[in-house]
2 protein chains.
Amino acid sequence: MSQELRRFKAEIFQALAHPTRIAIVEALRHGETSAGQLIERLGLEQANASQHLTVLRSKQIVISRKEGNQVFYSLRDPVLIEVLDVLKRYFYSQLSQTMSMLKEIQKEKATTKR
Amino acid sequence: MSQELRRFKAEIFQALAHPTRIAIVEALRHGETSAGQLIERLGLEQANASQHLTVLRSKQIVISRKEGNQVFYSLRDPVLIEVLDVLKRYFYSQLSQTMSMLKEIQKEKATTKR
DNA sequence: CTAGTATATTCGACTTTGCGAATTTTCGTA
DNA sequence: TACGAAAATTCGCAAAGTCGAATATACTAG
């Protein structure tokens with residue numbers, strides 16, 4: 001079962017492991033959006049967008065609703081936004097760690113130089 | 001910059017997008033562990049384990065410390081555990097949604113059958 | 001220096017992913 | 001029915017990921 005859970009998690013990560021798909025998820029953050037709108041806002045190729053949406057749909061990250069000519073997408077579970085937000089914090093924490101590391105190096109240079 | 005951030009997130013997701021690497025991260029959850037211990041506990045091929053560890057190291061998810069003959073690994077930032085925990089909640093929420101969907105289908109079957 | 005243990009790297013086969021061009025499908029409407 | 005718009009699918013190719021076998025490297029102890 002734990003093995004299953006890890007496979008499941010890996011699939012979710014895999015589904016999110018592309019800048020374009022992250023952009024799509026973030027774009028859906030504030031509500032339903034049609035495929036066309038996504039293409040326009042994110043500046044994507046039509047086929048490419050559709051392929052990425054297929055990935056997200058197949059992993060149930062996104063659900064689609066047909067209305068006449070077009071298809072509207074939305075996030076199936078807003079919990080995923082939490083994941084992205086946690087990662088944002090992670091990003092900045094990593095960034096500041098890198099910065100202080102650089103500062104350390106600067107200091108050392110200064111000391112050895114003298 | 002937002003584009004950068006998305007690339008960064010995508011890389012983190014990519015690094016976690018494999019059951020074995022998730023298992024490794026979870027194993028490191030409660031503290032430093034040597035490569036050998038990971039191999040034993042998770043039942044991995046030596047080369048394979050090392051390859052996955054390389055991926056995690058290259059994305060800075062994990063840091064390594066050499067002590068004599070062996071190499072100890074630990075999580076660079078425990079925030080990642082949060083991500084995994086959020087996903088666990090997501091997993092169960094999805095699971096229960098699926099279950100109630102199945103129940104609905106059962107009910108419908110029962111009604112149409114009569 | 002030699003042997004042994006722990007870990008990393010390289011190699012070759014294979015699978016998967018990502019892309020745009022072209023095509024197809026699905027609607028709504030004339 | 002025929003046309004146009006929106007979206008999905010297919011195709012061919014390049015790039016990336018995964019695996020185990022074999023090999024290399026780093027360290028320790030004798």
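As the structure is a computational prediction, the values presented were derived from the model and not from experiment. Within every chain, numbering begins at 1; the chains are lettered A, B, ... in the order of the sequence lines, protein sequences first and strands thereafter.
Distances were taken from every side-chain heavy atom of A/Y73 (C-beta onward) to each of C/dT9, C/dT7, D/dA8; the shortest belongs to D/dA8.
Judged by distance alone, the side chain of A/R6 and the main-chain N or O of B/I22 form no donor-acceptor pair under 3.5 Å. A/T54 places a side-chain N or O within donor-acceptor distance of the main-chain N or O of A/S50, the cut-off being under 3.5 Å. In this structure, A/R21 contributes its side chain and A/A15 its backbone to a donor-acceptor pair below 3.5 Å. Checked by atom type and distance alone, the side chain of A/S64 never pairs as donor or acceptor with a backbone atom of A/V62 at under 3.5 Å.
By the rule that hydrophobic residues join a cluster once side-chain heavy atoms approach within less than 4.5 Å of another member, A/L16 and B/I12 end up as members of one cluster.
For the pair B/E40 CD and C/dA6 P, the computed distance is 10 Å after rounding to whole Å. Distance CG (B/L56) to P (C/dT7): 16 Å, rounded to an integer number of Å. Rounded to an integer number of Å, the gap from CG of A/L53 to C1' of D/dA6 is 13 Å. What separates CD1 of A/I39 from P of D/dA5 is a distance of 15 Å, to the nearest Å. Distance, B/L16 CG to D/dT18 P: 12 Å, rounded to whole Å. The CZ atom of A/R65 sits 14 Å away from the P atom of C/dC27 (whole-angstrom rounding). Atom CD in B/Q51 sits roughly 16 Å away from atom P in D/dT23 (whole-Å rounding).
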Under 4.0 Å protein heavy-atom contact, by nucleotide of nucleotides 25-30 of chain D - B base, S sugar-phosphate only: -SBS--

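Using a 4.5 Å heavy-atom cutoff, the side chains of B/S74 and B/I63 are in contact.
As judged by a 4.0 angstrom heavy-atom cut-off over every strand, B/T54 is placed among residues touching the sugar-phosphate backbone only.
By the neighbour-count criterion of 12 heavy atoms within 6.0 Å, atom CZ of B/R7 is sparsely surrounded, having that number or fewer from other residues, nucleotides or ligands.
Using a cutoff of 4.0 Å between basic side-chain nitrogens and carboxylate oxygens, B/K9 and A/E26 are scored as salt-bridged.
The stretch residues 42-50 of chain A touches DNA chain C through A/E45, A/A47, A/N48, each having a heavy atom within less than 4.0 Å of the strand.
At a cut-off of 3.5 angstrom, counting only N and O atoms as typed in the model, there is no donor on one side facing an acceptor on the other between the side-chain of A/Q14 and the base of D/dG17. If you check distances only, the side chain of A/Q70 never reaches the base of C/dT26 with a donor-acceptor pair under 3.5 Å.
Dashed line: the shortest gap from a side-chain N or O of B/H18 to OP1 or OP2 of D/dC19 is under 4.0 Å. Look at A/H52 and you won't find any side-chain N or O under 4.0 angstrom from OP1 or OP2 of C/dT17.
For the 3.5 Å distance criterion, the side chains of A/D77 and B/S93 qualify, holding a donor opposite an acceptor.
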